[in-house]
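Structure first, commentary second.
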Amino acid sequence: MKDTMFRRIITSMLALAMCASAAVPAFADSETADEGVLGTQETADDSATGDGSSAATTGTDSIRQTSYTNYVKKYADAARPDKTVEVLGKDYDPASVTDAQITVTTVDGKNDVMQWANQEGSVSWKVNIPETGVYNIKMVYEALESNTNDVEFSMLIDGESPYATASRITLNKRWINESEIKQDSRQNDIRPGQISTPCWQETPLEDIDGLFNEPLEFYIEAGEHTITFESEKAEFAVEKFTFYQYEAPAAYAAPSDSDLTQTQGQRITLEGETAAYKSARTLYPTSDKSSYLTSSENGSSPTKTRYNTIGSGSWTQSTQTVTWEFNVDKAGYYKIGIRGRQDQMRGMYSNRRLYVNGEVPCLEANQIKFYYGTDWEITTPKDENGNDLYFYLQAGTNTISLEAVPGEIGEIMGDLDELVYNINSYYRQIRQITGPDPDEYNNYMIDTAIPSIIPDFKEYAQTLRDKKAEIEKLSNSGGTEAETLEKMAIVLDKCVKKPDLIPEMMSQIKDNITSVSSFVNQYREQPLEVDMIEVVNSDQDFTTCDKSFFGSLSFGFKGFIGSFFEDYNALSDEDESAMECWVMLGRDNAEALQQLISSEYNPTAKTKINLKLVQGGIVEATFAGKGPDLALFMGGDFPIQLAARGVLTDQPTFSN
């Protein structure tokens, strides 16, 4: 192929496909699956050692003992000194630098800051802590331009990481749309690429595992300590990091009626897809064709692609943040309505923390709940009495940010994660006794060989039911997906009542461990799709989300009629001079490839590519004279059939 960029795109897509295949758990259909079922945060190192030793002797168990959940419980009653210790980046210890390119320089307007110009290495600071206790840490940093999606490093205190989460501290970059949302010749929106924009940010170090809402805690004794950053994904500048005490925002104080009526008649609409910046590259504009109510600058369409929302399938991870910028003509008090949809976590809600101009304005804004539903709904922050909250906005530029947070369910998921690990540890110990194929005529006396298993299984069953009750209380409904926990509890009850049957029940234990692990992984995610945000005064109502019968009928009818005329196989512009490329993939994968071609290849290449989604028929089409110029992701037999008929071109014959 003459254009090397297209080759790079094809190579990237092949790599993605290989990675997706590799991501499937190897034990799912393996004959050796019984050798060890992985928990939600475990690795293959957790499998049985085979030498009769208990699971507590493995290397990963020592890490498990310092999990952040256990760490928080251990120091729950420790002192919280009201002290602040500020450490400047430039005050690092030069003798401590290893493999890191560290300089003190000016970065983006700030003088005398530490710049870590490469990705690898380590650097340390000497820090004096005035009082023993638990501290939080916040940083002022700038992520430099690099090929990584974020900054990640390990934080060590006196040479040791206090818990597993501290070994992967993550600082987000700031991502923006590379351009406005444009349209191709077929009137389909073209999704803009995402590029990082370096800027100074201040943020607390947070739990990226989605278990805790507050910043990470660090227990440090009084005296001098060495704080070390080790990294393989650095490339950032540090002005300072500060040991401090996190304080939750104050409760909401309602403005007076006279304050509310000072400004009236204002309505500001923020489209979800036009967010000013995001904390993750995957928070790009997304598309929705399900409702005529979906708002977009380019209008809604039942047949054309409109990138009219943000977050569909991608805004799920804790700490991911989306920010909108807008201008206010008149300073005053405004209420905020978020037209969103959470249609992934049945029976539960996802959570967002609201920032206004970079700060959480009140305690009630610390957690906004978006309940499960398949239609758009307006969610607005409310006080304990169900009244709308009003926020003061200054005249000029303001920002609204929504950050994914775990909410109350986070700590429940942390406890379940620990419980899954404990049950899995017993599973491995049992397998060390019985082997992968237990003798049906031997009961192995598991309760005698492992004396603690029966009382622990009894305790675990009760814990599972307690957590199920907590989840159902949060969701205000019974019969939720938490029923998975009850099934695991029933299996444990059977083991307690008849210990002799434990070897026969290993497959049930394994299957239920897997189910609970999947439940924990799913329910610590925080999915949300946002259509638009409205900022209005007290005399204004939010735009309704109620569908009209005739509106839905009209939208559906247009989609039906359009299906006879719209070519859903064509994924790109119909350029007669372009080469036609057929792909045999699912639509989602084909659209991802089309995004690469539209944003990176076609704009600069001399030879354009028209992409079409086709399933089979390439041999027949080729001999009918209607075949493509290029074909990707074909079955293994197609190249052989075409080559045998002499219709393929040898690529090495092209000049570079």
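Side chains included, hydrogens not; waters and symmetry mates left out as well; all remaining heavy atoms used.
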Donor-acceptor pair between [X] and [Y] side chains, under 3.5 angstrom:
X	Y	value
K173	S146	yes
S67	T69	no
Q462	D466	yes
Q245	D82	no

Counting N and O atoms only, with roles assigned by atom type, does the side chain of [X] sit under 3.5 Å from a partner on the main chain of [Y], one being a donor and the other an acceptor?
X	Y	result
Q342	M348	yes
N512	Q508	yes
Q526	Q320	no
S154	S167	yes
S314	L283	no
T374	D343	no
N118	D99	yes
D207	F212	yes

Can [X] and [Y] be counted as an ion pair, charged N to O under 4.0 angstrom?
X	Y	value
E486	R465	yes
R80	E214	no
K467	E470	yes
R341	E529	yes
K369	E408	yes

Partner residues of K487 under the salt bridge (Lys or Arg N to Asp or Glu O under 4.0 Å) criterion, sequence neighbours left out: none

Check whether any side-chain heavy atom of [X] lies under 4.5 Å from a side-chain heavy atom of [Y], and answer yes or no.
X	Y	answer
I227	F241	yes
S312	D288	no
L485	L416	yes
K233	L171	no
I412	Y523	no
I513	I509	yes
I433	I450	yes
P361	L389	no

Which heavy atom in [X] sits nearest to a heavy atom in [Y], and how many Å separate them?
X	Y	result
V405	N351	O-CB, 3.3 Å
L402	W315	O-CZ2, 3.2 Å
P249	L363	O-CB, 3.5 Å
P438	R431	CG-NH1, 3.5 Å
A166	F218	CB-CE2, 4.2 Å
V151	A143	CG2-CB, 3.9 Å

Identified side-chain hydrogen bond (donor to acceptor under 3.5 Å, both in side chains) partner of N366 from the options E403, R352, R353: R353

Option among Y92, W116, F153, Y141 that satisfies the ring-ring contact (aromatic ring centres under 6.0 Å, His included) test with F229: F153

Tell me whether the count of non-hydrogen atoms from other residues, nucleotides or ligands lying under 6.0 Å of [atom1] in [X] goes above 12.
X	atom1	value
K458	NZ	no
E160	CD	no
N442	CG	yes

[atom1]/[X] to [atom2]/[Y] distance, rounded to the nearest 0.5 angstrom?
X	Y	atom1	atom2	value
S517	M488	OG	CE	9.5 Å
N424	N422	CG	CG	9.5 Å
D209	T165	CG	OG1	4.5 Å
E232	E152	CD	CD	9.0 Å
T448	I453	OG1	CD1	11.0 Å

Y68 and Y71 aromatic ring geometry - parallel, tilted or perpendicular at 30°/60° bounds: parallel

Give every donor-acceptor pair under 3.5 Å between a side-chain atom in residues 119-128 and any protein atom, sequence neighbours left out.
from	atom 1	to	atom 2	distance (Å)
Q119	NE2	N147	OD1	3.0
Q119	NE2	E235	OE2	2.8
S124	OG	T228	OG1	2.7
W125	NE1	L88	O	3.3
W125	NE1	G89	O	3.2
K126	NZ	T226	OG1	3.0

side-chain contact (heavy atoms from CB on, under 4.5 Å) between F519 and I471, worked out: CA-CA 12 Å; F519 171 81; I471 292 171; 3.8 Å; yes

Cation-pi, Y427 ring and K510 (6.0 angstrom, 45 degrees): no

I'd like a table of donor-acceptor pairs (distance under 3.5 Å, sequence neighbours excluded) in which one partner is a side-chain atom from residues 130-137, with atom names and distances.
from	atom 1	to	atom 2	distance (Å)
T132	OG1	A222	N	2.8
Y135	OH	E131	O	2.6
N136	OD1	Y246	N	2.9
N136	ND2	P215	O	3.4
N136	ND2	L216	O	3.0

